[in-house]
Protein chains: 4
Amino acid sequence: MGTRERILDTSLVLFNQEGTAAISALSIATALGISPGNLYYHFRGKEEILTALLAECDLALDRLHRRMDVELKGPMDFEPFLLSLLRVGHHFRCLFRDQEALRFAHPGLARSWSRLLKRIRQISQLLLKRLNQLSPLGLTPSQRDKLADSLMLSALASLCFELEPDKDGETQLIQSAHSLLVLLRPYLEAAGLNPVSNEQANAP
Amino acid sequence: MGTRERILDTSLVLFNQEGTAAISALSIATALGISPGNLYYHFRGKEEILTALLAECDLALDRLHRRMDVELKGPMDFEPFLLSLLRVGHHFRCLFRDQEALRFAHPGLARSWSRLLKRIRQISQLLLKRLNQLSPLGLTPSQRDKLADSLMLSALASLCFELEPDKDGETQLIQSAHSLLVLLRPYLEAAGLNPVSNEQANAP
Amino acid sequence: MGTRERILDTSLVLFNQEGTAAISALSIATALGISPGNLYYHFRGKEEILTALLAECDLALDRLHRRMDVELKGPMDFEPFLLSLLRVGHHFRCLFRDQEALRFAHPGLARSWSRLLKRIRQISQLLLKRLNQLSPLGLTPSQRDKLADSLMLSALASLCFELEPDKDGETQLIQSAHSLLVLLRPYLEAAGLNPVSNEQANAP
Amino acid sequence: MGTRERILDTSLVLFNQEGTAAISALSIATALGISPGNLYYHFRGKEEILTALLAECDLALDRLHRRMDVELKGPMDFEPFLLSLLRVGHHFRCLFRDQEALRFAHPGLARSWSRLLKRIRQISQLLLKRLNQLSPLGLTPSQRDKLADSLMLSALASLCFELEPDKDGETQLIQSAHSLLVLLRPYLEAAGLNPVSNEQANAP
DNA sequence: AATGAATGAGGGTTCATTCAT
DNA sequence: GATGAATGAACCCTCATTCAT
């Protein structure tokens, strides 16, 4: 694997582990066993690394976006898709968690970041559109977009705030997906479908 | 107003404006027109300021928490309450936005932070409990808690990610509250109540 | 003596000795026995030190400028005045020697530098004006200004290029002053005065 | 043209444009479209490039020096010769402008540099000797050498300090030559010759 | 001749924090 | 309560230079 790729991979791991602010360019180089000069030969600084990671994340989401029409055929497809989506987000979670810090430390990232956010919003809106095609949600388009935003925000927040820090990443992802599906539950039920495992409702 | 309070107020404003990472102890002192030594006389460092802000936020949420039983009497009470809640969150938004960066820069904040998060979770769960008391939601307690978590995450994310950066703070807050209500809409409707203004549903 | 003054003094000595490019902020701090942080507390960087030195030099020249009308009463006054002038230049010689390097490393100095150069030019022109008042030089004003420029350039160059590097600073200054007077010799002679010690002319 | 020559040419252009200190080995290689490794194959470093440029300049001045006896036949020959001399200096102006910075950054250049300076001094002295042969200057040899030094310094300074930065290079050269001739004017006049265009003298 | 990844020392700068006054 | 000079560690980055290919 080329040095450039190794830098990106290691950076992402370190950024996810300790936050982008806590990881210096030198610590990345040290973790890789390369000299700081070499790091700067491949990327002109931390900002360029982050730009590359943002682009990678954007690309991964773009691929998901393109596959939505094909993959979301029935109500059972939403949970796996949400999981794929959350998996991408989790893989690049540092980008979402440190969003605010990055905004001020690296104004140059603003455009990449807003492009990324726009794409997520599109995915969220398309998700509800597909759901509506399967069975009318009983919402105005405006309400549907609001619901899409809430869904997206809830998903983003599940990447940022770990409610069960003790559980491992995969379990957290599955729980996040379930929580998101609960938001959609009434609409899926209205479509005569309940994708979430049935439990006894209204226990005290 | 005492110097201690002025430090907290100014810090919060600066932290909200430019992020906690971008604001140094010196810049707080400069903004206040006091010497760095004086700042350190009142607070042993940036971490202590943040701890104090976390405590203030926690206190404000505690007050809201205690009033819920009294204030949430009918379905029309939920929107104002959500607004109050979001207003507190918005006032201390730097704490939520820089959560990740703070976690690593100041491990000493971890306990205060998890206490804060727990309280928000309690509020969210109590919110749905009250709703359930008004009219059964048709959810198991576990599903209800998941819904509560989604609601909370959506609220937290609306503090972290500005979807409409051009609008002013108050407008953003109202939109956030509406978005959250959309999440609850099916349950409120099931209770024979629709707190959100009626629009023509299912337009193409 | 205050730290600020000590920084300026030491910087000037080091800059003169080894050139502005060869002296780092750290080496100044080390030479003074202070920490780099303290250096940056007093000056935001090397550029601010240089700006302050340029201002000091400008001030010294301004003082000389103001005294010219009073001090240049007769032909015997020119040599001492030239020596004073050269002494100031020699004291700040790093500014003239590294002029080009500074121009590119610190564009912020451009304005201070051009102001300084303008003042030197004014002094040179006033010098010839006074000489002309003592005895007509037989030059058009335009020719007189050209002569003033040549005189100034010759003086500046004597600060930049050491023709006799083995001799000590004071001797070099005196020789420089003599060289400059030789340029003026024909005009002083025409005024019936020969301020330079008489030697036997036109030896083989 | 061989790579070696292209390196020298491009280096000289860049050094003249932005100063020797601001131009790194890498930037020269980039400007040439070659790899840094290739640059170091031809020259062991920036110092060797500068040594080569010093040698080129020295050679050009040597050629001028040898032609002086032949070319300086009459008083009208001095201006064109001065122009040729200044043109060489202007072509290699970075060497003179950054003299001080180079001295400390590259002590290895000291010998080449002092040889160069000595040659210029010889040329300046020979110039006055030829003038004296055309018509006695009325100066002792010592005074004549001092005048030669002043002339040389004035010429060097005109390469280092741009008094009229807005005018193009050729115009600056011509003005510099005129300024130098003004220094010689009294002696040329004394020889019954005025090489500078006559203007009305002693206007107020 | 030429490439380009890699090195490592060093420079400029920031900042949380201390302490004598 | 308050000042402000001082500290020192750490960070980001540049650059001359080397070397395997």
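Protein chains get the first letters and strands the later ones, always in sequence-line order, with residue 1 at the start of each. Just so we're clear, the structure is a prediction, and the values are computed from it rather than from any experiment. Reckoned from all heavy atoms, side chains included, excluding hydrogens, waters and symmetry mates.
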Look at C/H42 and F/dA6 and indicate whether a side-chain polar atom (N or O) is within less than 4.0 Å of OP1 or OP2.
-> yes

E/dC19 C1' sits how many Å from B/L39 CG, rounded?
-> 15 Å

Between P of E/dT17 and OH of B/Y41, the distance in whole Å | 18 Å

Nearest-nucleotide check on DNA chain E, A/S35 vs C/L26; residue mapping nearer the 5' end is A/S35

A/I23 CD1 to F/dC12 P: how many Å, rounded?
-> 10 Å

Can you tell me the distance, in whole Å, between the CD1 atom of D/I28 and the C1' atom of F/dC15?
-> 12 Å

Side-chain N or O of A/N38 closer than 4.0 Å to phosphate OP1/OP2 of E/dT7 | yes

Paired with E/dT21 by Watson-Crick or G-U wobble geometry, both distances under 3.5 Å: which nucleotide is it?
-> F/dA2

OP1, OP2 of E/dA2 versus side-chain N and O of D/T3: anything below 4.0 Å?
-> yes

The answer to which of C/E47 and B/S27 contacts DNA chain E further toward the 5' end, by nearest nucleotide, is C/E47

Whole-Å distance, D/R6 CZ to E/dA2 C1', equals 12 Å

Would you mind telling me which of E/dA16, F/dT17, E/dT13 lies closest to the side-chain atoms of D/P36?
-> F/dT17

When you check the gap from the basic side-chain N to the acidic O, do D/E162 and D/R97 get nearer than 4.0 Å?
-> yes

For A/S24 and F/dC12, is the shortest distance between a side-chain N/O and OP1 or OP2 below 4.0 Å?
-> yes

May I ask you to say what B/G45 touches in the nucleic acid, namely base, sugar-phosphate or nothing, with a heavy-atom cut-off under 4.0 Å?
-> sugar-phosphate

Please determine if a side-chain N or O atom of A/Y40 lies less than 4.0 Å away from the OP1 or OP2 oxygen of F/dC13.
-> yes

Please report the shortest heavy-atom distance between D/L95 and D/L102, naming the atom on each side.
-> O-CD1, 4.4 Å

Tell me: CG of D/L32 to P of E/dT3, nearest whole Å?
-> 11 Å

Whole-Å distance separating the CZ atom of B/R44 from the P atom of F/dG1 | 17 Å

